[in-house]
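Below you'll find the structure, written out as structure tokens, and then a few comments.
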Amino acid sequence: TPGWMSSEEEIAMSSATRPTFSELLGARSVLLADGATGTNYQDKGLGLGVAPEEWLFDAPELVLELHREFVAAGVDLILTDTFGATSIRLGDSPLAGRAREVNLRAVEIAREAAGAAVLVAGSLGPTGQLAEPLGPLGPDECAAAYAEQAAALAEGGVDLLVMETFFALEEAVPAIRGIQSASDLPLVVSFSFDRGTHTMMGVSPLDFVNAVAPFGVAALGANCGRS
């Protein structure tokens, strides 16, 4: 990339040469993404108890390497190393208080690997807390945390946002509201049905669709389940 260009100019130039997520969905019946980021990092040496987001600063070359391996394999999009990068989840890690910085750094590395043709999706995972009334996470706090993360990912230059491995509507619905208040990027929402035909909180696929589809998200999905 020419060294005289600002990061904003680089993003504008690369975005002008790649299709949008909506265009890809309209043109193909199947899109390929990366996946299994955590276990791939473990294969590269990530220690137990170490959050993958810590590698954005401690081992960025390995984050970049994994992104590039998926790009070389022919994916249409890669996800940022931000699955656990809400301020709430980072609060118990060495990255506490650095949510915006973490998300911006993740997009920067992913964009470097993606080049002009591959899309970058901003990954948003669960907070790790149970929502009210079963846990401490309130809807307003939840929405604010995801709005903050979505805003940082959008600022960094992602092409779309992906909520993945959610299992509770009490967390997902406020999260969607927060995300959509901060960004108009396409949003994909994916739940993990890891108890046969339900999530760990008893949510069925029909419950999920009925609750989330009215928000007008770009796609609904399932991931990391056993069924």
Side-chain angles (χ1 to χ4, degrees), residues 1-2 5-28 30-38 40-41 44 51-57 59-86 90 98-125 146-165 175-176 179-180 182-190 217-219 221 223:
T1 303
M5 298 180 72
S6 68
S7 59
E8 291 81 5
E9 289 171 328
E10 291 171 6
I11 291 170
M13 186 179 78
S14 62
S15 64
T17 59
R18 65 181 181 270
T20 66
F21 179 62
S22 297
E23 288 170 345
L24 279 181
L25 280 179
R28 305 182 192 175
V30 174
L31 300 182
L32 295 179
D34 61 7
T37 300
N40 274 291
Y41 282 163
K44 292 180 180 295
E53 290 80 11
E54 293 181 42
W55 267 17
L56 293 167
F57 303 96
E61 71 282 357
L62 296 178
V63 176
L64 182 63
E65 177 181 271
L66 181 60
H67 284 321
R68 283 177 168 165
E69 287 171 356
F70 276 110
V71 171
V75 298
D76 298 299
L77 63 91
I78 55 176
L79 285 96
T80 55
D81 179 17
T82 54
F83 179 81
T86 57
L90 291 176
R98 299 172 62 185
R100 179 175 176 274
E101 179 187 1
V102 169
N103 284 277
L104 288 173
R105 178 62 171 150
V107 180
E108 179 184 21
I109 294 173
R111 281 257 74 100
E112 181 178 348
V118 175
L119 301 185
V120 172
S123 172
L124 306 98
Y146 284 100
E148 177 187 28
Q149 185 179 14
L153 290 168
E155 179 184 348
V158 298
D159 299 290
L160 67 151
L161 299 167
V162 178
M163 290 173 54
E164 50 178 332
T165 325
I176 294 170
I179 291 167
Q180 292 185 332
S183 171
D184 58 1
L185 287 170
L187 175 62
V188 174
V189 182
S190 184
V217 299
N223 74 289

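Quick note: numbers below take in every heavy atom, side chains included, and nothing from hydrogens, waters or symmetry partners. Remember, it's a predicted structure, so these values are computed and weren't measured experimentally.
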- Message: Going by side chain to side chain contact (heavy atoms under 4.5 Å, CB included), name the residues that satisfy it together with Leu62, two or more places apart in sequence or in a different chain.
- Response: Trp55, Ala59, Glu65
- Note on the structure: Across all chains, not counting sequence neighbours, the side chain to side chain donor-acceptor pair (under 3.5 Å) partners of Glu108 are Arg105
- Message: Could you check whether any side-chain heavy atom of Val107 comes within less than 4.5 Å of a side-chain heavy atom of Leu153, counting everything from C-beta outward?
- Response: yes
- Task: Flag the pair Asn40 / Glu69 as yes when at least one side-chain heavy-atom distance between them is below 4.5 Å, and no otherwise.
- Result: no
- Task: Would you please name every residue forming a side chain to side chain contact (heavy atoms under 4.5 Å, CB included) with Ala110, sequence neighbours left out?
- Result: His67, Ile78, Thr80, Val120
- Query: Residues two or more places apart in sequence or in another chain: which of them pass side chain to side chain contact (heavy atoms under 4.5 Å, CB included) with Leu104?
  - Reply: Arg100, Glu155
- Note on the structure: Residues passing the ring-ring contact (aromatic ring centres under 6.0 Å, His included) test with Tyr146, sequence neighbours excluded, are Phe166
- Message: Taking side chain to side chain donor-acceptor pair (under 3.5 Å) as the definition, give me every residue that meets it alongside Ser123, ordered by chain and number, with sequence neighbours left out.
- Response: Glu164
- Item | Side chains of Leu185 and Phe21 in contact at under 4.5 Å (non-hydrogen atoms) | no
- Looking only at non-hydrogen atoms, find the nearest pair between Ala85 and Ala99 and report the distance. O-CB, 4.1 Å
- What residues, two or more places apart in sequence or in another chain, satisfy side chain to side chain donor-acceptor pair (under 3.5 Å) together with Glu54? none
- Message: So, using side chain to side chain contact (heavy atoms under 4.5 Å, CB included) as the criterion, who are the partners of Ala219 when residues are at least two apart?
- Response: Val188
- Item | Test ring-ring contact (aromatic ring centres under 6.0 Å, His included) applied to Phe83 - qualifying residues, sequence neighbours left out | none
- Query: Can you find a pair of side-chain heavy atoms, one from Phe70 and one from Leu32, that are under 4.5 Å apart?
  - Reply: no
- Can you run down the salt bridge (charged side-chain N to carboxylate O under 4.0 Å, His left out) pairs that involve residues 75-84, sequence neighbours left out, and say none if there aren't any? Arg28-Asp76
- Message: Here's a test for you: under side chain to side chain contact (heavy atoms under 4.5 Å, CB included), which of Val162, Ile176, Ile179 qualifies with Val189?
- Response: Ile176
- Task: Apply side chain to side chain donor-acceptor pair (under 3.5 Å) to Ser190 and list each qualifying residue two or more places apart in sequence or on a separate chain.
- Result: Asn223
